[in-house]
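Structure first, commentary second.
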Amino acid sequence: MAKSYNYKMHSAEHLLNQAMVRRFACSRCFSAHINPKKSKCDYYFDRPLTPGEIEAVQEDVNQAIDADLPVTMEEMPKDKALEEFNLDRVPDMEKMSHFRVVRMGDYDACPCIGEHVSSTQEIGRFAITSTGFEEGVLRIRFKLK
Ligand SMILES: [Zn+2]
């Protein structure tokens, strides 16, 4: 099957989530809208980001892209996956016996069935276009150049 047009955007979502987790000890986004031109991720958060923080997160993602991390996939039995990951967002969890874990070098690991780049440099340049905060939800909009 040909890779969908937004696999680069979706791969950037993985890196953005890891950047957010590392920097703010928050959870990965609970909702994401991935589109070819512009995407957005929503996080449970307690405040808006400062301009300096937005810059820093953007830099984190671009550093991970520049490191050209290899993207690898591994089938993991459910009990092991449950120890390592939060699987709340996985549909049909009860029916699954194995999960596919996607790793981006040593930087990120996440159960995912989506399509990804084969190494992070393929993503290109990552830019946060705007952020918003409302009722405990931080929204980050981004694009790739
Ligand atoms: Zn994915």
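Just follow the structure's listing: the first ligand is 1, and inside any ligand the first atom is 1. Here the structure is a predicted model, which means the values were calculated and not measured.
Here the side chains of Lys40 and Ile140 are not in contact, with every heavy-atom distance at 4.5 Å or above. Looking at Pro51 and Glu53, their side chains never come closer than 4.5 Å, going by heavy atoms from C-beta outward.
Vertex the Zn ion (ligand 1), arms ending at SG of Cys112 and NE2 of His14: the angle is 120° after rounding to 10 degrees.
Counting just the N/O/S atoms of His10, the one with the shortest distance to the Zn ion (ligand 1) is named NE2.
A donor and an acceptor atom, one from each side chain of Arg141 and Ser130, are located under 3.5 Å apart.
Ring geometry for His14 versus His116: interplanar angle over 60°, hence perpendicular rather than tilted (30 to 60°).
At a cut-off of 2.8 Å, His116 is counted among the residues with an N, O or S atom near the Zn ion (ligand 1).
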